[in-house]
Amino acid sequence: MRFSQIFGHTLKEAPSDAQAVSHQYLIRGGYIHQVAAGLFSYLPLARRVLNKIERIMHDEMAKIGGQEITMPVVLPADMWKDSGRWYQIGSEMTRLKDRKDHDMVLAMTHEEALCDLAKKYIRSYKEMPSLVYHIQTKWRDDPRPRAGLIRVREFKMKDSYSMDTSWEGLDKQYRAHYQAYFDIFHRCGLDAIAVKSDTGMMGGKIAHEFMYLTPIGEDTIIYCDSCGYNSNRQVAEFSKDKSEQEALAETEKVETPDCKTIADLAEFLKIPESKTAKAVFMVATVMEDNEEKEQFVLAVLRGDMELNETKLANAVQAKDLRPAHEDEIKQRGSVPGYGSPIGVKDALVVVDDLVAESPNLVAGANEEGFHLLNVNCGRDYKADIVTDIAAADKGHKCIECGAVLKAEKAVEVGNIFKLGTRYSESMGCLYQDQNGELQPIIMGSYGIGVGRLLSCVVEQHHDDHGIIWPVSIAPFQVHVVLLHDRKGTEAQDVAEKLYEDLKAAGIEVLFDDRQESPGSKFNDADLIGIPLRITVGRRALEKGGLEFKYRQGGEAEIVPLSDIITKCKSAVDELEKGIKDSIVKVEYKD
RNA sequence: CGGGAUGUAGCCUAGUGGCUAAGGCGCCUGCUUUGGGAGCAGGAGAUCGCGAGUUCGAGUCCCGCCAUCCCGACCA
């Protein structure tokens, strides 16, 4: 490809609303164009990168038996009504009507479409195990797109769907994806880790997320250096220090003016925060007899802990959870800042397991300016549910080994779900087993966001001048920079011939043939980030060759013209070997 | 949906209520130049986000709306 003919161009300065490094470089390099919030056009350079990433995905899917299909982006609403998600999902799902006034949806994911397909084509146990996938557009009307391609509204996802007759079969396909996903990320040059995650609205039993650790990430990973435990903070567990057991003491009401926070209270009473209990008032939306219903929830935690809303939502099986309003709290006989379960009516009381066994805590008196000493769960108030609802954080102790946990921000680049029969049962996706009896298909679903993967690779591989592509997904392998020479056409002639020779040798080459100053060309080459650069100019020609340089760094070397093709090939091989060496067998962790 | 910020040419920015909205980058033409974003000369390019208002006069002040970004809520 000649640089002079590429659709798109580089920018010296990034638009002021691009903040993330990947966003800036991708726009400045002429890779992407923002159309609206969370909507991007991909220009030829980006398209070439995406094509390579998708090629790797096709390759890895083929290795685990995946067959490519394509399902539509616009789907009839009926299948989403069958699965129930038509009713569960809010405005992130865009609904429309076709000319016949039928309800339609823009696909956010394709579980429903797949079930609809499987219903018709999977009839017998003999047709499983099966695995199909596509790389297809998803539309999620996200309330807050951000950071360039990291979080967008329209994006392409590689999503695969496994169909099995047994849980063992599902487990096998799940583990195959676990390894395949690592292989995909490693082949793209991305360091990702797998963590346990919440199954969320996807339902099912087990899920993992694949995370790229970066401060611009929106998720928080809790991990342990010493034993390797890691988990999304939403579901992370930790070891809670048991309180010292002591005789239950008499409850006593004390005046505590201006002690609305636990910190104030502990300071005022000169006790550690761990000797207090905090009440968090929430309102959950739960399903009862297929009707949505609001349920007031009073969560009780020890004062030194934070509520984990995901854990609480799972504990009460809420499809939605929000903080309670002040008037809702007062209606039930409590006071914000001085709340506790004692005497509060119409509330589902959920108590963190640590509180349940911590004696003589200080809790609110449900009266402005007063707390109660020596409050004990069970004796003084009844818990409807006792379970872990506390948020793990850095500094807590590892559930596995007791070492100190750490926390880090991350971007979710992929996820895998054991769906089980969540969709096949609701949608009647049945097959006949050996006995001729109808059984629901046991399913899994597995996704990777293609554009998000691309931008994470840029986040990982760049320097102050621009992108440094891993050779496996670089838009081109070699960037030939021609420096025009007013004293003759030698450089130009050599570069033109080199361009043809490299192409003939099967090397992907971007040829900067523009009439630009050397500085412009070098800066653009750094920005675009092609891994190998050959400079054709008088200076090197006089020394008998061409200048050869790796984008990742190191000194330029003069390579004789006769050796340059061989040199390029061996350098590409060397870079590819580096990628291959990073592909390793990973240990599956439940 | 709540909080904050911004909106002037393709990009970055300046612009005290007052004359024909300024500069840089980029773009076009010509000359010149070619090893880390060259120089000279000329040129094109603006509904100052949109609408309403205050004013003799609004890019500038007020109100409404829209858009984009950041924080939070949300994230199948």
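Every chain is numbered from 1, with letters handed out A, B, ... down the list of sequences. Everything quoted here is computed from the prediction, not taken from an experiment. Just so it is clear, the values below take in all heavy atoms, side chains as well, and ignore hydrogens, waters and symmetry mates.
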How long is the line joining [atom1] of [X] and [atom2] of [N], in whole Å?
X        : N     : atom1 : atom2 : result
A:Asp512 : B:G35 : CG    : P     : 15 Å
A:Arg144 : B:G72 : CZ    : C1'   : 7 Å
A:Leu541 : B:G35 : CG    : P     : 13 Å
A:Asp142 : B:C69 : CG    : C1'   : 15 Å
A:Leu11  : B:G24 : CG    : P     : 19 Å
A:Glu218 : B:C71 : CD    : C1'   : 11 Å
A:Glu13  : B:C11 : CD    : C1'   : 7 Å
A:Lys521 : B:G36 : NZ    : C1'   : 13 Å

Base, sugar-phosphate, or nothing: which does [X] touch, judged by heavy atoms less than 4.0 Å apart?
X        : answer
A:Glu112 : nothing
A:Asp485 : nothing
A:Pro15  : sugar-phosphate
A:Ala18  : nothing
A:Ala20  : nothing
A:Gln34  : sugar-phosphate
A:Arg452 : nothing

Original post:
Starting at the 5' end of RNA chain B and moving along, which residue's nearest nucleotide shows up first, A:Arg538 or A:Gln234?
Top reply: A:Arg538

Original post:
On RNA chain B, nearest-nucleotide positions of A:Trp139 versus A:Arg539: which is more 5'?
Top reply: A:Arg539

Judged by modelled atom types alone, do [X] and [Y] share a side-chain donor-acceptor pair under 3.5 Å?
X        : Y        : answer
A:His134 : A:Asp159 : yes
A:Glu209 : A:Asn415 : no
A:Tyr181 : A:Lys158 : yes

Original post:
Where does the angle between the aromatic ring planes of A:Tyr446 and A:His177 fall among parallel (under 30°), tilted (30 to 60°) and perpendicular (over 60°)?
Top reply: parallel

**OP:** May I ask which nucleotide in the shown strands pairs with B:G2, Watson-Crick or G-U wobble, both distances under 3.5 Å?
**Re:** B:C71

Subject >> B:U29 - base-pair partner by Watson-Crick or wobble geometry, distances under 3.5 Å >> reply: B:A41

Tell me if the centroids of the rings in [X] and [Y] come within less than 6.0 Å of each other.
X        : Y        : result
A:Trp469 : A:Tyr25  : no
A:His208 : A:Phe417 : no
A:Phe210 : A:Tyr212 : no

Donor-acceptor pair under 3.5 Å, [X] side chain vs [N] base:
X        : N     : value
A:Arg28  : B:G37 : yes
A:Glu516 : B:G37 : no
A:Arg151 : B:C74 : yes
A:Arg533 : B:G36 : yes

Expressed in whole Å, how much space separates the [atom1] atoms belonging to [N] and [M]?
N     : M     : atom1 : answer
B:G17 : B:U60 : P     : 11 Å
B:C71 : B:C28 : P     : 38 Å
B:U6  : B:C12 : P     : 15 Å

Please determine, for the side chain of [X], which listed nucleotide ([options]) has the closest atom?
X        : options             : value
A:Pro518 : B:G35, B:A38, B:U68 : B:G35
A:Pro143 : B:C74, B:G37, B:U13 : B:C74
A:Asp17  : B:C70, B:C12, B:U68 : B:U68

